[in-house]
Structure formats: structure tokens, C-alpha cells
Amino acid sequence: MSTNTVDVVLIGGGVMSATLGTLIKQVRPDWTIEVFESRSEVATESSNGWNNAGTGHAALCELNYMPEGKDGSLSPDKAININEQFQLSREWWSTLVERGILGDPSSFINPTPHMTFVRGEDNVDYLRRRYEILKTEPLFSDMEFSDDPEKIAEWVPLVIDRRAKSEVVAATRSESGTDVDFGALTRQLFSYLESAGAKLNMSTEVQKLKRKSDGTWDVHVRNRTGFGPTTTNAKFVFVGAGGGALPLLQSSGIPEIKGFGGFPISGKFLKTTNPEIVEQHNAKVYGKAAVGAPPMSVPHLDTRVIDGEKSILFGPYAGFSPNFLKKGSWWDLPGSIRPHNLGPMVKVGLTEFSLEKYLVSELLASRDKQMQTLREYLPSARTEDWEMVNAGQRVQVMKKDPEKGGILQFGTEVITGAEGSIAGLLGASPGASTAVHAMLGVLKTCFPDEYSSEWEQVFKEQVPALGQGLNGRPEAAKVSLERTTRVLQLSLDAPTATDSGSAAVEA
């Protein structure tokens, strides 16, 4: 068994590892980096364009980032926080475009208005109150509201076409929304990393992590094409393996992972590429989850631009598989159970009845039922125009809770341990959209001295809003939004990937 030593090992060929590796190369170009990906190419799981909704999550349209309190109160704090995080991504991507690290912006990001559409008087009242609060916030200042079907039809004609005139509806619209092909973005970042000296090991599966007495890590890997096991020794390890992160962090033995479990949920979308339909819809239209349904069930009708091809997705429709990865194993879920997480997992199973009911109903839903759900947002939808596609697996975090015993967490969680020599990411949405914020957080936590003394200033030159925020500084917000809109070509009248043919430019 051979062994070599490197500064950094990145496990998983997704957007998180690509982002972290690129950030490291900005401040320590001399560090040696090795990437291990179990598949034959990068961005095949959650980062793949067809395995996510591509929403640059900025809370412009997602109601679950601004829930209504039991007393009817609304707070914009979470929505602002999510938007601030996405602005860091926009600023960093803009810098990388300016420096030639990323290619033509339309190859990975395109202007796509973000909308929220609701039905019924109570929901219309909620959306109006949400709008009244958000429109005064600098990062949401372009938001529009209308309860006039004719106006909504100007924005998204298919949503109103053939809808009953008596139906009470309302919508908000933000032109600053985007559609992001995280697969293309990931591939470009890894292309840069390779050019900067990083080594990408494809078809190579990490089997376990073991910490040595000197504080470094032995990363035990197996080449899936038959070259046998090897060990790479690393000073720092990042586990960005999506659904595969939990078992690897468990194998590391760090105490910080104790009590964590994972609950896998499959995602499916209806998809159409019919030009007559696609050309009449240019927006991501989010609705409101049914009463009692979990946050990941929020229906949305999304314009997508992937590898230069424009389409529309509607979903998500949920399913269940014990796999932690789309191409994983049925043993993933049972194999992740440990004495320390069994209690929280059982507690979640006994209390998350709404989720369980939702999953059962989704599994039993017929094709007609699935189309009926689509027609609530697109009344004119014809069955023959839509096909069902499988998206990626999402592993929701289950963890200990001092009051409830165990909770199911809908979000992402960064785990760090062993004096900052290892970190990993668990969970799902908003995930990729906030990768820059999350990975800067990893560097700040794991390398506190270097970060505060040298790195932070370098990152601030690339991400001007870092550490300061934008929403509380209206003029800075204006400058940032104008710059990123210009550099990333996010004006709605700017050419898109479909206007200029295939724009899948690799750096």
C-alpha cells in the first residue's frame, strides 16, 4: 500500500470542494491539493445541473425563508441572511470572471426573474404583508407585487392562461433573480484547479479516514478501476461528498459527528423542452407548501439553462430510497446507524408524521395526480409535453436536540473537528448557492491565525461584502449589485446562452 503526503485532500467532486480548493489557491498557491471523486467525472451528484433546481437561493421567492409566526408576525431576518450569503457568491464569481478563472458567465449563470405565486385570500394577504416588509430592504428593492391577473400574465402568461377568472391570486417578482448551472460552474473551477497544480483522482473512492499521532490524516482510498488500495496522508481534509459525507465523517472518529444521522429523500421533476412552452415562460415561480408538508416540498416552476439548452422543470416530487447518493447503495442508510445517533433518529421517526405522510402520498401518486399538481401552476399543461426525470438524492440532517431528543434539520451544517484539521458539510438547501459563504467559514474556523493575519484581506479584495454585509449599507448594496449584474451579464436584455448557441465555456 503506497503513501504520499499532501497539504489538502478534498473528498468529492462537487461545488463545495471546487469552491474550497479555488479559495485555497488564491491564498496558498504553493499548497499541494488532491481531489478524490468516486465517479469518472466531477459534478455528477447534487451539483449536476439536472439534479437541483438551479435557483441562486436569495430568498427572493422562497417563502420558507420568511415563515409566518403563530401570531401572524413576519420577520425578514432569515431572508436577508440568505440573500447576503448569495451576494458573496455573486461577488466572488464576478471576480473570477474578471480574472479569467471562469469563462463566459452565460455558461453557468443566466438572468431569470424569481417569482412567488399564491392562491386564496389568506395566502394573498400573507404575500402582500411579506412584500411590504421586504420592499424596504436594499437587497429586495426591485421586488414587485400584484394581485391583478392581467399583470401577472405579463410576467408569466402560462401561469394565468386558462385559469378561472374568479380565482384569487397574487405574485411577487424580482428581476435580479438568476438560474445557475452548478454543474458547469463546478467543472470550470476544477479545470482551474488542475491548471494550478491540483491533482484530480477520478473513479477513486475514499473508504475511511484515520488520524495519526502527529495530527495528520491517512486517507484510505480504492481505485474503482482496479489498481488496488492506496493511502494519502494529508494535513487537512475536507469532506464535501454530499450524501457520502456522513459515513466518512463517522469513520474519522471525531466526537463532533456524534449524534448526527441522515434521512435520504429522492427528488423528481417534470421536465419539458417543447419550444412553444419554454419560450413563453422565463422565471422561477415558487409557491407555498401544503399545510403540514415539509419545506423541501415547496412547488416551483423553473426556467433552466443547462449546457446552453433551455427547459422548464416543475417539482419537486419526492420519493424514498435508502441510498445517500443517486448512485449509492441500499446499505447507506442502515449502515450509517450508530449507538450515538440511534436515539435522535428514532425520535425523528416518531415525531415527523407530516414528512412521513408526505412521502407516502408522493410514492403513491399516479401520473394523473402529478399532472394535477402541475396544473395548479400551469393550467394548460398537457401530459404528452412533460416527462418525469430523477434528480439527486438529498440527505437531511438528523441530530440530537436537548429539548426534543432529536430533530430533522432542513438546511446545511458544517462539521469541524480535530483542532481544525478536518471539516465536512452535511445537509441540503440552500447548499450550492451559499458555497462561498460556507467555505470561507471553513477556512476561518480551521485556519484562524492565517485567516485573520493574511487571508481575510485577500478574500475581501475578491468579495468586497465579506464581513460587512450589504443590506445595512444601501449604497454599497447598489454598487455591488450593479457590478455583479454587469460582470455576470445578468441584465434581462443581455444575451443568454440560448441566444448565442452553446456557451458552455470551460476556463
Side-chain angles (χ1 to χ4, degrees), residues 1-14 16-42 186 189-242 244-257 414-425 439-455 458:
M1 182 179 292
S2 60
T3 303
N4 65 301
T5 300
V6 297
D7 293 302
V8 176
V9 159
L10 305 174
I11 303 173
M16 292 295 176
S17 291
T19 298
L20 182 59
T22 303
L23 285 169
I24 289 174
K25 280 296 182 181
Q26 305 307 295
V27 289
R28 290 306 304 261
D30 58 317
W31 278 11
T32 50
I33 297 177
E34 283 211 39
V35 182
F36 295 104
E37 166 55 45
S38 62
R39 300 296 157 188
S40 59
E41 55 185 316
V42 299
T186 300
L189 291 175
F190 274 123
S191 178
Y192 160 75
L193 278 174
E194 278 197 295
S195 71
K199 181 180 179 182
L200 271 62
N201 301 278
M202 299 293 103
S203 301
T204 307
E205 182 179 8
V206 177
Q207 296 183 305
K208 66 178 180 179
L209 304 169
K210 186 174 182 180
R211 196 179 189 211
K212 299 182 68 174
S213 58
D214 62 0
T216 62
W217 290 89
D218 276 345
V219 182
H220 297 265
V221 302
R222 177 180 66 87
N223 191 298
R224 300 179 71 143
T225 58
F227 291 102
T230 60
T231 301
T232 294
N233 181 253
K235 299 173 184 176
F236 173 75
V237 174
F238 174 70
V239 186
L246 177 61
L248 286 174
L249 288 170
Q250 288 176 332
S251 78
S252 73
I254 59 173
E256 290 82 2
I257 197 62
V414 176
I415 308 294
T416 58
E419 293 80 50
S421 64
I422 187 170
L425 189 86
M439 295 303 98
L440 285 170
V442 166
L443 292 176
K444 185 176 182 179
T445 300
C446 295
F447 302 94
D449 294 337
E450 295 93 333
Y451 189 93
S452 60
S453 64
E454 303 175 40
W455 298 357
V458 175

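Hydrogens, waters and symmetry mates are skipped; everything else that's a heavy atom, side chains included, is used.
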Distance, nearest 0.5 Å, that separates [atom1] of [X] from [atom2] of [Y]:
X    : Y    : atom1 : atom2 : value
L193 : L20  : CG    : CG    : 9.5 Å
F238 : T19  : CZ    : OG1   : 9.0 Å
I33  : K25  : CD1   : NZ    : 5.0 Å
I254 : T416 : CD1   : OG1   : 7.5 Å
I257 : L248 : CD1   : CG    : 10.5 Å
L200 : E194 : CG    : CD    : 4.5 Å

### Query
Out of T5, V8, V9, D7, which one pairs with T32 under the side-chain contact (heavy atoms from CB on, under 4.5 Å) rule?
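The single option meeting the side-chain contact (heavy atoms from CB on, under 4.5 Å) with T32 is D7.
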
Over all heavy atoms of both residues, which pair between [X] and [Y] is shortest? Give the atoms and the distance, please.
X    : Y    : value
E37  : G13  : OE1-N, 2.6 Å
T204 : M202 : OG1-O, 2.9 Å
A418 : W217 : CB-CZ2, 3.8 Å
I422 : S252 : CD1-CB, 3.9 Å
I415 : E256 : CG2-CB, 3.9 Å
L440 : Y451 : O-CE1, 3.9 Å

### Task
Let me see the working for T231 and D218 under side-chain hydrogen bond (donor to acceptor under 3.5 Å, both in side chains), right down to the final yes or no.
CA-CA 6 Å; T231 301; D218 276 345; 5.9 Å; no

#### Entry: Donor-acceptor under 3.5 Å (S452 side chain, D449 main chain)
yes

### Query
Is the backbone of G14 close enough, under 3.5 Å, to the side chain of T186 for a donor and an acceptor to pair up by distance?
no

### Message
The criterion is side chain to side chain contact (heavy atoms under 4.5 Å, CB included); which residues satisfy it with A245, sequence neighbours excluded?
### Response
V239, L426

## Note on the structure
Sorted by chain and residue number, the side chain to side chain contact (heavy atoms under 4.5 Å, CB included) partners of Q207 (sequence neighbours excluded) come out as R222

### Task
Anything under 30° is parallel, anything over 60° is perpendicular, the rest tilted; go ahead and classify W455 against W31.
perpendicular

Can you find a heavy atom in the side chain of [X] that is under 4.5 Å from one in the side chain of [Y]?
X    : Y    : result
N201 : E34  : yes
H220 : P229 : no
I11  : V237 : yes
S17  : F190 : yes

### Task
Under the side-chain contact (heavy atoms from CB on, under 4.5 Å) rule, what do L443 and F236 come out as? Steps first, then yes or no, please.
CA-CA 11 Å; L443 292 176; F236 173 75; 5.7 Å; no

### Message
If the condition is salt bridge (Lys or Arg N to Asp or Glu O under 4.0 Å), which residues does R211 pass it with, not counting sequence neighbours?
### Response
E419

